[in-house]
Structure formats: structure tokens, C-alpha cells
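Notes for the one structure printed next.
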Amino acid sequence: MLESAPVRIIEKPADWSGGAWTDPEIFHDGKWKSLCRTDMCDDVATCWCMTLTAEEWRAHYQNSLIKFGYGARYNSRRFSIFDAMTDG
């Protein structure tokens with residue numbers, strides 16, 4: 001799914017946290033959802049404040065799936081790739 005679904009980026013302006021960045025979204029179940037990361041012990045999705053293209057974001061999350069192999073969690077708003085057991 002991550003290999004073939006459309007991915008787009010939303011340009012985010014610089015703010016209190018630093019410089020501008022891109023926020024990836026993936027088309028899944030007929031709607032655009034946030035493409036992000038999470039851990040297996042909570043349902044808090046977080047992003048990486050990086051400036052990447054849509055294909056670079058796709059590769060980043062594909063590599064997470066390969067490296068960690070935990071899978072993903074998705075709901076009506078987001079498609080979250082597991083990249084850790086816990087943030088703690």
C-alpha cells in the first residue's frame with residue numbers, strides 16, 4: 001500500500017519550533033490522511049520536522065517498515081508507521 005498509494009506534501013511555514021518543513025499525506029480509504037510515525041505503546045502520532053519531497057517521505061517510511069518491521073496503525077485521519085516499541 002505504501003509503495004503505490006499517492007503521497008503528497010503540505011508545505012509548513014517556519015514557526016516557534018524552527019524552520020519550514022514538509023508534512024506528508026497519503027491517499028488511503030478514499031481520503032488524504034497524515035503520513036506519520038508512532039510507537040506501539042500509545043496512539044500519539046508524531047512527525048519529523050524535515051523538508052523532504054513526497055517520494056523521499058515515502059522512502060523514509062518504507063525504510064522504517066523494513067528496519068523495524070512493526071507495521072502501521074491507521075484511522076480516519078492518519079496512517080502511522082510504527083518505528084519503536086515506546087518513546088520512553
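Count residues from 1 along the sequence. A quick note: this is a predicted structure, and the numbers were derived from the prediction, not measured.
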May I ask you to decide if [Y]'s main-chain N or O and [X]'s side chain share a donor-acceptor pair within less than 3.5 Å?
X: Lys33; Y: Glu25; value: no
X: Ser34; Y: Arg77; value: no
X: Arg58; Y: Ile26; value: no
X: Ser80; Y: Ala72; value: no

Evaluate the ring planes of Tyr74 and His28, with Trp represented by its six-membered ring, and classify them as parallel (under 30°), tilted (30 to 60°) or perpendicular (over 60°).
-> perpendicular
Describe, in one word, how the ring planes of His60 and Trp57 are oriented to each other, choosing from parallel (under 30°), tilted (30 to 60°) and perpendicular (over 60°).
->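 Geometry flag for Trp57 against His60: perpendicular rings.
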dist Glu11:CD -> Thr22:OG1 (nearest 0.5 Å) comes out at 6.5 Å
To the nearest 0.5 Å, how far apart are CD1 in Ile10 and CH2 in Trp32?
-> 8.5 Å
May I ask you to test the Met50-Trp21 pair for a side-chain heavy-atom distance under 4.5 Å?
-> no
Are any of the side-chain heavy atoms of Ile81 and Leu65 separated by less than 4.5 Å?
->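 Yes - at least one pair of side-chain heavy atoms lies under 4.5 Å apart.
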Does Leu52 belong to the same Ile/Leu/Val/Met/Phe/Trp/Tyr cluster as Ile9, with side-chain heavy atoms less than 4.5 Å apart forming each link?
->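 Yes: a chain of side-chain contacts under 4.5 Å links Leu52 to Ile9.
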Where do Leu35 and Leu2 land on the side chain to side chain contact (heavy atoms under 4.5 Å, CB included) test, with the steps shown first?
-> CA-CA 10 Å; Leu35 178 58; Leu2 185 55; 4.2 Å; yes
Over all atoms of both residues, closest heavy-atom pair of [X] and [Y]:
X: Arg73; Y: Asp42; answer: NH1-O, 2.7 Å
X: Pro24; Y: Tyr61; answer: CG-CE1, 4.3 Å
X: Arg37; Y: Asp39; answer: NH2-N, 3.9 Å

